Amino acid sequence: MLDRDKRTVSIEPQPPSTSASVASVVPTHRSAHSRSAPSDQVPAQEPAIKELSIGIQRRIPKKPSYTIIDEIKQTIPAGLELHRAYRYQLPILARKFELVVLKLYVPAQLEPALATWRRALEELHPMTTVLINRVEVDQNLQNHLRSRFRHTELLTESARPVLEEILSKLFGTQPEAPVSTRLDPPLRENLRDVPFIAIDRPDTIDREDLIHGEKKSDGSFILRVAFIDITDHIRPHSAADRYALRVGSTLYGRNRAISPVGSQLFGGAGTFKLGELRPAWVVESRISADKDAQTVSCKIRRAWVKNHSNLDPNEPFDMRSQPDIARTISALAEITRILEHSRTSRSPMIRVEGAGTASRIVAETMIEAKRRLAHYFERHIKTSAVYRVHKKPSASDIESWCTALNQLKIPANAADFGSPLSVAGILRSLEEHSSHSARSLSNSILDTLLLRSTYSVKNEGHWGLRLDAYLEIKPRDAAGLANQLQLDASMRRMDNLSQDEMGRRATVLNDKRWARDERNYKLRFLEMLSEKLALVGDLFLGEVARTGEDLSYCHVQGFSKWGIIIQPIKQQLMVGDLVALKLLGFNLISMRFEFQVVQL
């Protein structure tokens, strides 16, 4: 945001993963179209860097459940491309240590800006450590765009139809036949009067799970977690089933989503709309009141359920304004404390979303329900399933890490990898080392210990969560859809998908997971590019952030990256100057938006 009085720059709040919206400014002649940004580092004294910590302190007012991830998305320096953010919590005495892992594309010239921003962020949050998992995807996207637009270097508004075509076919054409229910739907219980609730942000379209809690007279609790059942609409080996496997898992763009279940089910019959009946798989567990969270019994029910209330996890719950679900919330809060105590005795660190009790309820109850579903597959129906597996690092893995760390003069031994705090310290030391080998080793450790889980028909447990079994059931993931098809066949006494077929699906999904970040980046980038090209010819106000003989960097409000000004006029630009800019288009050589300086 431009501060006209102080003529400095604070970080403009921006949506997550608004990738690659770089601005460059060129003269009216075309000689500069092939110019690219200089690769030298940005001087530390420039206002664009100097004001980073001030920008963080001037962030928007916090809501009660404003999280560190929200803060990161709204203060991250222009030019750093955030692909994904992971947040983990580790209870330490009465407080919680937070480990945040950011998958970022970091241009070399912005490394100083990243270091300054992160230092300021961690000073504001002393119980937080931010780790960077660097990714490289710009080159692949540039090659793809240049292959589609071979006869031009500058994209203008006329390129938008082609961009929309690319977006619509990222995973091939969706099945054209309308989604219809089968003629012989299964019998389902009637649980429409059970006051299930959805805990999701208000803008959530695909509400695929509902939760209900109840305290019994003997002090035990009933936890019910309902997952949307889409097997009436998608059958094994159908066109819709094949499309789901191509997509793999839902990708969320800036203003659209690409879902395995297709656009007709996504946000329609495949979501728990408020007040509407939906078919569901209900995992019902009876949990003892002691801190060990002993499950007295568990059963899987096929039922009709209704979403009685949408609860925003970012707003405090008012018992008086919503008395109809107050008992449910109260019971769920107690269940969550029991589950949380039991889980932290096995695995103290957990990945969380949001803040406050509502987000903790979602995290703990989903883990418990998916663990019970995995047990149900193994112990009751005894059919093949696609499990989510996170293997414990082997002794040879840890030994090789220690050897590599010692070669980098970073002291470490095998025992250090048993403590999350020690691991965080090791990863930070690797970042400070800054060599290519150090970053490669850091990414390997991060992937193995925190980020990397795979799909397998062989249940090998989830080491990260310290669970003996864990699987997906939500249709936003093709593995969850496959597991739903297996449940449906077993309950209807029909033929299941073979283990070989389930193994094939697991292999396909594992292959796709490594490319997920790049695809998500492409989706968001192309959406952003199409939006911005609609503004070609419009005027913008930019601020000079860095000057040079031919090229100068600038900030342009609404664009998340630095731009380049190629001075077409005999005006000596100074850092902090405000200039009027006309958007000309997007340059495929420099991968930056081009602007022309205009006189008002």
Side-chain angles (χ1 to χ4, degrees), residues 164 167-192 194-212 225-282 301-313 362 366 472-485 487-488 519-520 523-524 527:
E164 290 299 322
L167 282 168
S168 68
K169 295 182 178 180
L170 280 179
F171 294 97
T173 305
Q174 293 188 32
E176 295 182 1
V179 175
S180 58
T181 59
R182 53 190 168 190
L183 300 177
D184 57 341
L187 294 176
R188 293 183 171 95
E189 300 180 59
N190 181 5
L191 298 182
R192 68 184 68 197
V194 176
F196 281 98
I197 63 171
I199 301 178
D200 281 302
R201 294 176 181 267
D203 58 352
T204 299
I205 299 175
D206 54 336
R207 301 181 191 272
E208 296 178 320
D209 55 80
L210 301 175
I211 314 172
H212 174 256
V225 180
F227 298 100
I228 195 76
D229 177 0
I230 49 78
T231 57
D232 284 353
H233 304 275
I234 299 180
R235 305 306 304 142
H237 306 297
S238 64
D241 185 24
R242 293 192 295 271
Y243 176 79
L245 192 59
R246 285 204 305 272
V247 175
S249 57
T250 303
L251 296 180
Y252 297 95
R254 292 158 58 93
N255 51 34
R256 78 187 75 196
I258 300 177
S259 169
V261 301
S263 58
Q264 293 179 342
L265 280 176
F266 182 83
T271 187
F272 288 115
K273 289 190 175 182
L274 184 64
E276 296 186 10
L277 277 181
R278 290 288 187 271
W281 304 101
V282 180
R301 306 172 70 176
R302 200 163 202 182
W304 290 102
V305 303
K306 182 190 295 186
N307 177 4
H308 286 250
S309 179
N310 289 333
L311 189 63
D312 184 354
V362 173
M366 290 302 118
E472 293 295 340
I473 194 68
K474 296 181 183 181
R476 70 178 61 176
D477 189 302
L481 172 59
N483 290 330
Q484 284 203 23
L485 295 175
L487 270 179
D488 176 69
R519 287 172 178 164
N520 202 57
L523 170 63
R524 288 178 170 271
E527 283 186 316

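Remember, it's a predicted structure, so these values are computed and weren't measured experimentally. Residue numbers count from 1 along this sequence.
- With sequence neighbours left out, Ser168 forms a side-chain hydrogen bond (donor to acceptor under 3.5 Å, both in side chains) with no residue at all.
- When all heavy atoms of Ser259 and Tyr243 are compared, the pair lying nearest together is O-CE2, 3.5 Å.
- Every salt bridge (charged side-chain N to carboxylate O under 4.0 Å, His left out) that Arg235 has, sequence neighbours left out, goes to Asp488.
- The structure places CE of Met366 at 5.0 Å from CZ of Phe227, a figure rounded to the nearest 0.5 Å.
- Residues forming a salt bridge (charged side-chain N to carboxylate O under 4.0 Å, His left out) with Glu208 (at least two apart in sequence, or on another chain): Arg476.
- Of all non-hydrogen atoms in Ala226 and Phe196, the two that sit nearest each other are CB-CE2, 3.9 Å.
- Take Arg192 and apply the side-chain hydrogen bond (donor to acceptor under 3.5 Å, both in side chains) test, not counting sequence neighbours, and it matches Asn190.
- Applying the side-chain hydrogen bond (donor to acceptor under 3.5 Å, both in side chains) rule to Glu189 yields the partners Arg301; only residues at least two apart in sequence or on another chain are considered.
- Taken from OG1 in Thr204 to CG in Asp206, the straight-line distance is 7.0 Å, to the nearest 0.5 Å.
- By the side chain to side chain contact (heavy atoms under 4.5 Å, CB included) test, Arg242 is found to be paired with Ala239, residues two or more places apart in sequence or in another chain being considered.
- For Asn310, the side chain to side chain contact (heavy atoms under 4.5 Å, CB included) partners are Ala198, Arg207, Leu274, Asn307, not counting sequence neighbours.
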side-chain contact (heavy atoms from CB on, under 4.5 Å) between Leu167 and Arg256, intermediate numbers included: CA-CA 10 Å; Leu167 282 168; Arg256 78 187 75 196; 3.6 Å; yes

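- For the atom pair Asp241 CG and Arg246 CZ, the distance stands at 10.5 Å (nearest 0.5 Å).
- How far CD1 of Ile230 is from OG1 of Thr271: 12.5 Å, rounded to the nearest 0.5 Å.
- A donor-acceptor pair under 3.5 Å links the side-chain atoms of Gln484 to the main chain of Ile228, judged by distance alone.
- For the residue pair Ala244 and Ala478, the shortest heavy atom distance occurs at O-CB, 3.5 Å.
- Here the CD1-CD1 distance, from Ile211 to Ile199, works out to 4.5 Å after rounding to the nearest 0.5 Å.
- For the atom pair CG (Leu210) and CG (Leu311), the distance works out to 12.0 Å, reported to the nearest 0.5 Å.
- In terms of heavy atoms, Val247 sits closest to Ile258 at CG1-O, 4.0 Å.
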Is there a side-chain contact (heavy atoms from CB on, under 4.5 Å) between Ile473 and Leu487? Walk through the geometry before answering. CA-CA 10 Å; Ile473 194 68; Leu487 270 179; 3.8 Å; yes

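- Asp229 pairs by the side-chain hydrogen bond (donor to acceptor under 3.5 Å, both in side chains) definition with Arg188, Thr231, Trp281, Arg302, not counting sequence neighbours.
- Under the rule for a side chain to side chain contact (heavy atoms under 4.5 Å, CB included), the partners of Asp203 that lie at least two apart in sequence or sit in another chain are Arg201.
- With sequence neighbours excluded, the residues that form a side chain to side chain contact (heavy atoms under 4.5 Å, CB included) with Ala479 are Val386, Tyr455, Asp477, Leu509.
- Considering all non-hydrogen atoms of both residues, Gly267 and Ile205 come closest at CA-CG2, 3.3 Å.
- Arg278 places no side-chain N or O within 3.5 Å of a backbone atom of Lys273 that could act as its donor or acceptor partner.
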